[in-house]
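What you are looking at is a predicted structure, and each value in this text was computed from that prediction instead of being measured.
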Amino acid sequence: MAWIGFFIGLAVAWVCADIFGPEAGLVVLGALVGMLLARLYRRVGRLEAELAQLRAGALLAEVQSTPVPAPVAAPPAATAPAVPPSQAPGVKEGLAPAAAAVIPAPVPPGPAAAPPAPSPPAASSEVDEQSHRITASLGRSVLAWFRGGNAIVRIGVLILFLGVAFLLRYAAEHALLPVELRIAGVAAGGVVLAGLGWRLRERRRGYGLTLQGAGVGILYLTIFAAFRLYGLVPAGLAFALLVALSAVAALLAVAQQALPLAVLGFAGGFLAPVFASTGEGSHVALFGYFLVLNLAIAWIASRQAWKLLNLVGFFFTFSIATVWGLRSWQPEHFTTTEPFLVAHFLLYLYISVQYSRQLVTAPEARGLPYVDGGLLFGLPVVAFGLQAALVRDMPYALAISSAVLSAVYLLLGRWLWRRSGQQLRLLVEGLFALGVIFLLLVTPLALDARWTGAAWAAQGAGIVWVGLRQGRLWPAALGVLLQCIAAVVYWEHHVRPAEAVPFLNAALLSALLLGGSAWVTARLLRQQADAAGQDAPAWNRLPRPAWQALHGFMLAVGLLQLLAGWGEELEAADWPALALSVRLALLLLAFALLHEVLHRRLAWPELRLPARLLWGAAAAVSLIGMTGVLFSVSLQWQRYVHEAVWFEVLAVLACGLWLLRRLQGPTWLHRATGVEHGALAWYAMLHGAVLLYAATGTLIGRHQAWTALAPIVLPTAVAWWVLHRTAWAAWPADRHATALRRTVLLPWMGVLLLWTALVNRYAAAGMAPLPYVPLVNPVDLGHALALLYGVRLWMVCHGRQARWGKPLLVLALAAAFWWLNALLVRSLHHWAGTPMWDHGALRDDLVQMSLTILWTVTALVLMLVATRRAAPARARSVWVAGAVLLAAVVLKLFFVDLSHLGTLQRIVSFLGVGLLMLVIGYVAPLPPAAPSREPQA
């Protein structure tokens, strides 16, 4: 990898020299050479150390293999007198002499020890660049080129080639030597390099091949300079020489199976016009010269599977052509450039097919991906982009080009399928996919002949598919990135023409291609997530959550683009009978139903989550559209009747019920939550309240009683149904009873209490021309409905919500007391002409007197209930509540009525309260305290 860094540094030095002057380039180049020498010094040091270790090991083995002389045999035991060890001369008592030690028996001479086995020869440092494992992979080819044993000479050849190019240009500008001598000298140098490389091809293969490639490249440069810069060679002869040199380079590369030779030679051939160009040449000569080079590459491709060579030719051809087009293209050049574009497209299509056929027929290439996805899918992207630039001023030309490309890919795929069958199945599938994609592009390009990101997105999906099929991660990542770039480019520059026909224009079809490509990619990534794991191949060691996250991202990208395309068309459509919010809500519902239906047919369970989110978005859009004219009764009713909002509401409710009914699986992905059930109930309740309120306010006129009652009727009916299902533990309360109590039942009781407070404060319950009748008018009937709901809620939820029992009871009693006061004020307003709350009811003597008597009667009722009906445990509490209310009456008599009421009303108040207190004291005395629950001793 260090050689790659050095090569990049070399390019940096060249750029520095061009920008800051030759001195800066020399400084950078010197630093790079110093780094290279330091690396070489370290490598040589390591090699010397390894050599010293090998020599020391060989010396040790030689010493160990030298024969040792046999020890002297001891005399026989029978002839030697036995001397005790203690009597031996010179030996102290108790010590055994060394001579008395046991002497080993003599070892008979055996065969000579075998010499040590010779160590195996060190492996060559050069990489086998003829292997299909190397040539069929772009990354391995580049690494093998830089990491081989001849990497230094290859980099040196590149530097030499650049130097020769600069020398020719400098010599042309300054006329240092005669032209013929300059050209001949450079050509001779190229021939010498090529010949020297040919002689060294057997002994030093990598070195020799590199020198041959350098010589061929220099000859390319020389011929082109002689033709273009100096005019020494006529065009016909120059073309013939270039053709001959291309043929020689191709023959040398194929005969020696030398990919480096081919890459160096053809790279030099492509770069020769760039370095020798004066900016005044003919583009016909340039593209004709490139056609000759590419014909040679095609001939090699029919015999060798060299991906790097194919991509080098593809890159140089189309990149140089693109630069020329940006600088020099004119419409009058069409007839002289279009044939070259078609020829090069067909040539590289042939090369991509030949690459696959070479790998399929090679036994040692089994298991390798035999489709070059970068060339197969990159070729139409680049070629079609250039074609779009050439024909941008011609109507329908790009659509015709797309149709022709579709025919070429489909016919070629059919021919290969009939010739090879399953052998080239993956290649045929790729060709068919490209044919279908260009066939789909015909319609949008015919309607709007613009080159958009739709083609890029479709090509990106194809690259992802091929990359995953071949087991390559980087092509798949590049395909995803290409689709994201296509989406950004398309939507950033997208402007829908005002005159475009709704639902039949290039904008919608392009958005559909963008979204559909992302959907296909998401599907492929989802399948890859299923295959990820410990047993997955090395390239697919990404964790499963990473694949799932990428799958979810692409699914969201596709869905958003599809919704954006359809939403734009719905907004532009002239449909006054359907409000914009209705159209968007129906669109979201359609996609929700589509996701829910497809998740089973495609075995794609993740589609259930977008279906639920889309339904929630549709409900939110519907409610947002309602809030725009929430307080305008007439406009609200007009929306429901004339803008088909009623159909939107029914569609959202039906779709929600259908989805939630199906979502009863075991996992979170297949099981609806209590929040979703609560959201559906609240959607029905809110729309029911607004619809009935708008209907009564518009159709019945200014009947305040009916308009006050309308908002709670349908919502209470929905809540009552949920309450009934909760009581019987039926769907949806069988699994979500607690959630429904917390999100629907109890909150609606709170809303009813709020409605009670507001309607008793502001509503007069007028029913003109009908007479007002207390207790049977709509406002009081609404209170009866709220009371029934509260009682039923208490019966069903009491015990389960015991902690809320007392607060709810206190709120209910307060609401009932407030309703009694409002009922009295409303009755006096309609019968006696007294004002309502907002118009000074509390300043009226009749109202104050009536309130005093009402409070006293209420206290009497409470005390009677405490003494006659209440349970012993609660009797005293109820009686105390009545007593507190009676005390409030007494305070009101002395501080309000005594000073503010007239004489007659004051008398009636005092007399009425006094009599009632007498009755209370007689019929409702203080009840005894509740008996103690402590057990007797």
Side-chain angles (χ1 to χ4, degrees), residues 746 749-750 752-753 755-757 759-760 773-777 779-799 801-828 847-894 896-897 908-933:
L746 290 175
M749 189 69 245
L752 288 177
L753 293 175
W755 174 84
T756 299
V759 77
N760 288 319
V773 181
L775 299 181
V776 294
N777 66 84
V779 173
D780 295 329
L781 292 177
H783 285 84
L785 180 62
L787 176 62
L788 292 175
Y789 176 79
V791 172
R792 180 61 175 166
L793 179 63
W794 181 271
M795 295 172 61
V796 173
C797 298
H798 184 61
Q801 301 290 343
R803 58 177 180 172
W804 300 102
K806 289 184 178 181
L808 288 176
L809 180 60
V810 171
L811 287 175
L813 292 176
F817 181 69
W818 173 236
W819 168 70
L820 284 174
N821 288 269
L823 175 64
L824 176 62
V825 172
R826 284 195 298 268
S827 300
L828 292 175
V847 173
Q848 286 289 355
M849 178 193 69
S850 302
L851 289 176
T852 301
I853 295 176
L854 175 64
W855 291 8
T856 308
V857 172
T858 304
L860 172 61
V861 172
L862 287 175
M863 292 179 171
L864 283 174
V865 171
T867 56
R868 305 294 176 86
R869 298 291 184 184
R874 298 179 180 176
R876 178 164 289 206
S877 299
V878 177
W879 192 92
V880 169
V884 171
L885 183 57
L886 190 59
V889 171
V890 174
L891 293 175
K892 182 177 180 296
L893 283 174
F894 286 98
V896 178
D897 298 354
V908 173
S909 298
F910 275 81
L911 289 178
V913 171
L915 292 174
L916 289 174
M917 293 181 67
L918 291 176
V919 173
I920 292 171
Y922 179 77
V923 300
L926 179 64
S932 176
R933 296 184 180 182

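The OG1 atom of Thr756 sits 11.0 Å away from atom CH2 of Trp818, with the distance rounded to the nearest 0.5 Å. One finds the CD atom of Gln848 at 6.0 Å from the CG atom of Leu851 (value rounded to the nearest 0.5 Å). With rounding to the nearest 0.5 angstrom, the NE2 atom of His783 is 9.5 Å from the CG atom of Leu752. To the nearest 0.5 Å, atoms CZ (Arg826) and CG (Leu823) are separated by 5.5 Å. Atom CG of Asp780 sits about 12.0 Å away from atom CG of Leu787, to the nearest 0.5 Å.
Arg792 has its side chain out of reach of Leu788: every pair of non-hydrogen atoms, C-beta onward, lies at least 4.5 Å apart.
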Could you go through the side-chain contact (heavy atoms from CB on, under 4.5 Å) check for Leu781 and Leu785 one step at a time?
CA-CA 6 Å; Leu781 292 177; Leu785 180 62; over 6 Å; no
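Residue Leu885 comes nearest to Ala859 through the heavy atom pair CD2-N, 3.7 Å, listed as atom of the first residue, atom of the second, then distance. Taking each heavy atom of Leu811 and Leu753 in turn, the nearest pair found is CB-CD1, 3.9 Å.
The backbone N or O of Val773 sits less than 3.5 Å from a side-chain atom of Asn777, completing a donor-acceptor pair.
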